[in-house]
Amino acid sequence: MNILIKSAKIIAPNQSYNQQVKDILIIDGKISKIEDHIKPEIEIKEISLDNLHVSQGWFDCSVSFGEPGFEDRETIENGLNTAALSGYTAVAVNPNTQPVADTNADIGFIKSKGADKATSLYPIAALTSLSHGVDLAELFDMKNAGAVAYGDYQKPIENPNLLKIALQYTQNFDGLVLSFPMESKVIGKGVVNEGITSTKLGLKGIPALSEELQIVRDLFILEYTGGKLHIPTISTKLSVELIKQAKDKGLDVSCSVALANLILNESELEDFDTNYKLLPPLREEADRKALVEGVKHGVIDLVTTDHNPIDVENKNVEFDHALYGTIGLEASFGLLLQEFPLEKVIKILTSGKERFAIPQEEIAVGNKANISLFNPDSSYEFSKSDILSFSKNCAYTGKQVKGKTYGIIANNRIALKSSLSK
């Protein structure tokens with residue numbers, strides 16, 4: 001496909017074209033020219049949009065698409081389309097499917113369903129068989145099938161010896177182990193952050209201690225074994241400090257924070273809205289501020305939407321019985337711009353690919369076109385009409401956002417919101 005992007009402001013921190021307005025010519029999926037004005041000599045699709053900005057493609061390290069098994073919540077096809085129109089050129093997909101993605105055949109199936117799309121799909125394989133936390137799954141075989149990391153989504157590794165063995169074994173092929181930070185025996189039947197709000201609402205609490213104990217344990221094991229550890233979706237002030245201390249010691253550890261924990265706090269729970277039933281739970285404002293600072297100073301490596309579509313039958317129930325999770329791809333860019341300046345937001349959205357062994361293409365002549373398109377100056381209220389996912393369990397409906405996405409150009413394909421296509 002041949003494309004000419006007209007008068008786009010390039011946001012590429014620490015790169016040569018940063019903050020410059022350029023035309024970008026793409027021939028057969030590769031960037032052919034970047035100049036002030038380009039007059040095409042062949043038939044071409046021209047993209048000229050209001051206040052158009054572009055950056056190298058965005059990446060989300062934790063999304064759930066349901067398929068196989070929960071297609072009523074989301075399919076891979078619609079999930080990737082949602083990601084593309086939300087500005088993401090690559091997503092790492094969790095193994096919380098039915099069956100659980102714990103064999104090379106499962107990974108091969110997911111890869112095949114995501115093939116030939118604008119947004120690239122990278123499977124995260126289950127760390128343990130059936131995600132039961134007892135026996136390691138076929139890790140090396142799944143790497144050969146295309147898995148980029150190993151973890152049991154939102155399930156802790158309860159057996160410390162199992163984590164030790166996983167970190168030792170994966171060193172043979174540079175594998176990345178994910179360990180969800182939750183000590184289940186401390187949580188009990190908790191459903192929200194433990195504190196004044198949980199007491200006032202009469203809901204059982206999930207103490208910050210449950211997360212921090214697990215992180216301390218995992219970091220001790222990492223120091224003993226070596227290997228590569230990623231701690232997904234931390235949510236407390238002390239967790240940030242623990243990760244910083246580990247990095248200062250030279251441990252090969254990374255972490256992420258969920259968009260919800262970065263933007264919202266436990267005050268959202270006042271109306272018992274199950275869209276705010278999340279794992280990790282929404283914490284206190286002091287925790288949220290500490291997470292923001294952790295992102296600003298690079299202690300937190302990645303911000304994920306932790307996009308998790310849940311059907312209405314499992315959300316429109318009593319709070320105690322509702323499933324955890326919110327969708328977030330569609331609102332992510334506009335919410336991040338409410339908290340950080342544009343260049344920082346782009347750094348957030350384009351970081352983390354190397355950690356997950358995913359190629360990253362800068363905007364430069366000769367490179368494959370892997371580009372996100374957006375308008376950072378559009379302010380509006382996020383509503384249900386902005387949701388592209390099959391499921392509508394969104395914690396951000398009614399929130400003010402700043403910035404809209406147009407779509408992406410990647411994998412020699414173009415994905416633009418229908419109202420913009422020419």
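Side chains are part of it too, since the values below use all heavy atoms of this structure and drop only hydrogens, waters and symmetry mates.
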Main-chain N/O of Gly87 paired with Ser372 side-chain donor or acceptor, under 3.5 Å: yes

No-hydrogen, no-angle side-chain donor-acceptor test under 3.5 Å, Tyr406 and Asp50: no

Residue pair Thr119 / Ala90: nearest heavy atoms and the distance that separates them: CG2-N, 3.8 Å

Partner residues of Asp377 under the side chain to side chain donor-acceptor pair (under 3.5 Å) criterion, sequence neighbours left out: Asn51

Ignoring hydrogens and angles, write down the donor-acceptor pairs under 3.5 Å from the side chains of residues 130-146, residues two or more places apart or on other chains.
from: Ser131; atom 1: OG; to: Asp152; atom 2: OD1; distance (Å): 3.1

Presence of salt bridge, Asp287 and Lys237, under 4.0 angstrom: no

Geometric class of the Tyr380/Phe382 ring pair [parallel <30°, tilted 30-60°, perpendicular >60°]: tilted

ring-ring contact (aromatic ring centres under 6.0 Å, His included) partners for Tyr88, two or more places apart: Trp58

Lys164 to Tyr169, cation-pi by 6.0 Å centre distance and 45° axis angle: no

Lys344 atom NZ: more than 12 heavy-atom contacts under 6.0 Å: yes

Main-chain N/O of Ile157 paired to Gln214 side chain as donor or acceptor, under 3.5 Å: yes

Flag, side chain of Gln56 to backbone of Asn370, donor-acceptor distance under 3.5 Å: no

Side chain proximity check, Ile5 to Leu52, heavy atoms < 4.5 angstrom: yes

Minimum heavy-atom distance between Val299 and Val240, given as atom pair plus value: CG1-O, 3.5 Å

Flag side-chain contact, heavy atom, 4.5 Å: Leu85 against Thr405: no

Ser184-Glu158 side chain donor-acceptor pair, cut-off 3.5 Å: yes

Set of residues satisfying side-chain contact (heavy atoms from CB on, under 4.5 Å) with respect to Phe390, sequence neighbours excluded: Glu74, Thr75, Asn78

Check: Gln15 main-chain N/O paired with Asn18 side-chain donor or acceptor under 3.5 Å: no

Selection residues 245-262 - residue pairs positive for salt bridge (charged side-chain N to carboxylate O under 4.0 Å, His left out), sequence neighbours left out: Glu223-Lys249, Lys244-Asp248, Lys247-Asp301, Asp252-Arg355

Arg288 side-chain N/O to Asn261 backbone N/O, donor-acceptor pair under 3.5 Å: no

Pairs satisfying ring pair (Phe, Tyr, Trp, His ring centres under 6.0 Å), at least one member in residues 228-250, at least two apart: His230-Phe356

ring-ring contact (aromatic ring centres under 6.0 Å, His included) between Phe374 and Phe333, worked out: CA-CA 9 Å; Phe374 52 92; Phe333 178 60; 5.1 Å; yes

Residues forming a side-chain contact (heavy atoms from CB on, under 4.5 Å) with Ser267, sequence neighbours excluded: Asn265

Any pair counted as salt bridge (charged side-chain N to carboxylate O under 4.0 Å, His left out), so long as it reaches residues 179-201, sequence neighbours left out: Lys200-Glu270

Side chain proximity check, Ser179 to Pro232, heavy atoms < 4.5 angstrom: no

Main-chain N/O of Asn161 paired with Asn159 side-chain donor or acceptor, under 3.5 Å: yes

Flag, side chain of Asn94 to backbone of Val63, donor-acceptor distance under 3.5 Å: yes

Residue pairs passing the side-chain hydrogen bond (donor to acceptor under 3.5 Å, both in side chains) test where at least one lies in residues 315-331, sequence neighbours excluded: Glu330-Ser389

Atom CZ of Phe220: over 12 foreign heavy atoms under 6.0 Å: no

Backbone N/O of Leu167 and side chain of Gln171: donor-acceptor pair under 3.5 Å: yes

Distance (rounded to the nearest 0.5 Å) between Leu291 CG and Leu259 CG: 11.5 Å

Backbone N/O of Ile310 and side chain of Asn393: donor-acceptor pair under 3.5 Å: yes

Check: Glu362 main-chain N/O paired with Asn367 side-chain donor or acceptor under 3.5 Å: yes

Any residue meeting side chain to side chain donor-acceptor pair (under 3.5 Å) with Gln19, in chain and number order, not counting sequence neighbours: Lys9, Glu343

Side chain to side chain donor-acceptor pair (under 3.5 Å) against Glu284, all qualifying residues, sequence neighbours excluded: none

CD (Glu77) with more than 12 external heavy atoms under 6.0 Å: no

From CA spacing to verdict: side chain to side chain contact (heavy atoms under 4.5 Å, CB included), Gln20, Tyr17: CA-CA 6 Å; Gln20 296 184 35; Tyr17 291 108; 4.1 Å; yes

Set of residues satisfying side chain to side chain donor-acceptor pair (under 3.5 Å) with respect to Thr103, sequence neighbours excluded: Asp106

Note, Ile124 side chain near Tyr153 side chain (heavy atom, < 4.5 Å): no

